[in-house]
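Below you'll find the structure, written out as structure tokens, and then a few comments.
Labels below follow one simple rule: chain letters A, B, ... track the order of the sequence lines, proteins then strands, and each chain is numbered from 1.
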Amino acid sequence: MLQIHNSLTKQKEIFTPIEPGKVKLYVCGMTVYDLCHVGHARVMVVFDVVTRYLRASGYEVTYIRNITDIDDKIIARANENGESIQQLTERNIAEMHQDADALGVIRPDQEPKATEAMAEMVAMIETLIAKGYAYAADNGDVYYDVSEFETYGKLSGRNIEELRSGERVAINEAKNDPLDFVLWKAAKPEEPSWDSPWGQGRPGWHIECSAMSANCLGEHFDIHGGGQDLQFPHHENEIAQSEGAHGCKSVNYWMHNGFVRIDDEKMSKSLGNFFTVREVLKNYSAEVIRYFILTSQYRSPLNYSDESLEQAKSALTRYYTALRDVDALVDVKWQDDADYGVRFKEAMDDDFNTALALSVMADVRQALNKETDNKQARYLAGLLNSFGDVLGLFQQNAEDFLSGGNDDEAAKIEALIVQRNTARAEKDWAKADQVRDELNEMGIVLEDNQGKTTWRKA
RNA sequence: GGCUGCGUGGCAGAGUGGUCAUGCAGCGGACUGCAACUCCGUUAACGCCGGUUCGAUUCCGACCGCAGCCUCCA
């Protein structure tokens, strides 16, 4: 039975969907003013695996991941670049898709954009005002009156008193209370704006997710995910908005993934210590990044380092080496496997423990390497692929992974291998080793197996 | 300051009241012309101090250290 750690209750709970057999999932996606970094990659990969596993478990999943395409940073960046907001956001959306595709992340069923949900947002704000949860200020802004929402703070484990005593609450004279948050911002000159009952303006950040999730999934849905940093205030405010406007519980299970860190510090744009996916891809294949992300449970911090990437690369190389020479059966389903399959399920059912699931796969790999019976070996390889489908691993041809995309050099490498094998046949070891050294310098490792020589990228 | 969470072997990272994680690396061996791959074996851990217990890395408490949130952030 699947258990999910619910941020709302801070404990693992048995997952029960609202509608049997169906799961409605909403994840907060990117604000598209720049390229994705490894932290964004983690969110995408984690919830990709959640979706894949739910589907493999028989659920029909509707997966929504929004795109924030209007906010302060976007406006600022577009101005800096001297381009339109649309140019900036469209380009970054394309870049994001490129990264996500490289990482083997399946596209969400819908990717709603904030700018395409203006009518829904305005309507929701009107409802909130009508119900007394929000007020229009003199300056044209509309604010949410936090004191009106009784359970404000339930997600982040705070109460209004605590928040009020915090040192960093910004002072804003238009608000009745510093804790109130903005639903609608009056337009400043030169800023993009939309019509509203409160004049020209644009939405606050939080309202878009309340509007779009309700729009795509309904007022009450199963799982809402995102990075841990969104828990407060973003998701807290989302609850206040959605539940205030709709008068019902909005989300059953809140899932928050841990941060990617560098030297024990959160990787973030504001700290400037981030690596974009694009940068990392120059040195490591996307699948290595994906494997690295899956080596830790999604709620744990994940420390980014070259060493960790190297470890992931070595581990993945061993899997592909094991898979390379076997003609895997294609119709193997891990769900039918009484040994490894059961252990894999137990791991994944326990709040998507991919780290533990990978250890099961390591056992399968070893069994595969030891297996002398060809039929059984083909089964084990198929099993490994079947697990890989859930984690989004082993989706490429083993040869392609191991050659590291060195196709242009392949002919040269093959020629050198022939040279070396000729030398070996003549027992000219000096010559054979010299050729191998030459290949090593090209970053190519040779493997002599059962009279056959294969190569891979180091 | 308030609120969360965390501290496991060289590194990464699961987990458990009393036999094993696993991966990377290391060491010894088999295989190999030598390597690589693979296999076999192997080393090594549970922040600190108390408490509960027959027994605690695992439960409880104090302490120390770290991170995150309280402001935009995945």
Side-chain angles (χ1 to χ4, degrees), chain A residues 7 10 27-31 33 36-47 65 68 71-73 76 153 156-159 161-170 179 205 225-234 236 256-261 264-271 274 291-292 294-297 299-303 305 307-319 321-322 324-325 347 350 353-363 365-366 368-370 402 423-424 427-430 432-433 436-437 440 444-450 453-456 458:
Chain A
S7 308
K10 294 186 178 34
V27 173
C28 285
M30 288 267 298
T31 300
Y33 71 99
C36 297
H37 64 227
V38 180
H40 300 117
R42 190 178 194 190
V43 183
M44 291 196 283
V45 169
V46 162
F47 287 100
R65 188 182 62 207
T68 300
D71 91 320
D72 290 351
K73 284 183 181 163
S156 52
R158 295 152 217 260
N159 58 50
E161 308 315 302
E162 280 166 13
L163 287 165
R164 204 157 272 152
S165 70
E167 292 169 345
R168 298 199 271 175
V169 174
L179 295 182
W205 175 35
Q228 212 158 47
D229 45 2
L230 299 184
Q231 197 164 336
F232 189 90
H234 184 56
E236 194 69 64
H256 292 99
N257 66 276
F259 298 126
V260 175
R261 296 187 193 171
D264 287 329
E265 244 186 0
K266 176 183 171 185
M267 177 186 287
S268 73
K269 299 221 169 167
S270 36
L271 288 169
F274 62 91
Y291 187 95
F292 159 67
L294 297 176
T295 54
S296 98
Q297 208 273 349
R299 284 187 290 122
S300 304
L302 179 62
N303 216 25
S305 69
E307 194 181 356
S308 296
L309 269 294
E310 285 296 334
Q311 288 184 6
K313 183 181 171 184
S314 299
L316 202 49
T317 299
R318 289 189 69 196
Y319 280 103
T321 304
R324 179 175 51 193
D325 298 319
D350 185 9
N353 193 337
T354 53
L356 192 55
L358 285 174
S359 77
V360 177
M361 289 164 64
D363 287 349
R365 180 190 61 203
Q366 193 180 48
L368 167 60
N369 281 332
K370 280 200 278 192
L402 293 169
R424 288 173 73 210
K427 295 199 182 339
D428 184 353
W429 308 129
D433 289 350
R436 188 170 59 200
D437 289 345
N440 279 345
I444 302 302
V445 178
L446 297 187
E447 285 161 14
D448 297 327
N449 250 323
Q450 294 160 4
T453 301
T454 51
W455 62 274
R456 65 180 162 86

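- The pairing partner recorded for B:rC66 is B:rG5, the criterion being a Watson-Crick or G-U wobble arrangement whose two distances lie under 3.5 angstrom.
- For the pair A:R65 and A:F47, the cation-pi test (distance below 6.0 Å, angle within 45°) is failed.
- Straight-line distance from the CZ atom of A:R261 to the C1' atom of B:rG13: 14 Å, rounded to whole Å.
- Residue A:K370 places at least one side-chain N or O under 4.0 Å from the OP1 or OP2 atom of B:rC40.
- Base contact: A:D448 has a heavy atom under 4.0 Å from a base atom.
- Under the Watson-Crick or G-U wobble criterion, with both distances below 3.5 Å, B:rU22 is paired with B:rA12.
- Spacing between B:rC11 and B:rC46 at atom P, rounded to whole Å, works out to 13 Å.
- Across all strands shown, A:G29 has heavy atoms under 4.0 Å from sugar-phosphate atoms exclusively, and none from any base.
- B:rC39 and B:rG55 have their P atoms separated by 42 Å, given to the nearest Å.
- Side-chain N/O atoms of A:D433 and base N/O atoms of B:rG33 include a donor-acceptor pair closer than 3.5 Å.
- A donor-acceptor contact under 3.5 Å is not formed by the side chain of A:R42 with the base of B:rA74.
- Between A:N449 and B:rC37 there is no side-chain N or O to OP1 or OP2 distance below 4.0 Å.
- An OP1 or OP2 oxygen of B:rG5 is reached within less than 4.0 angstrom by no side-chain nitrogen or oxygen of A:K10.
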Along nucleotides 20-31 of chain B, 5' to 3', which nucleotides get a B, which get an S, and which get a -, given that the test is a protein heavy-atom distance under 4.0 Å? -BSBB-------
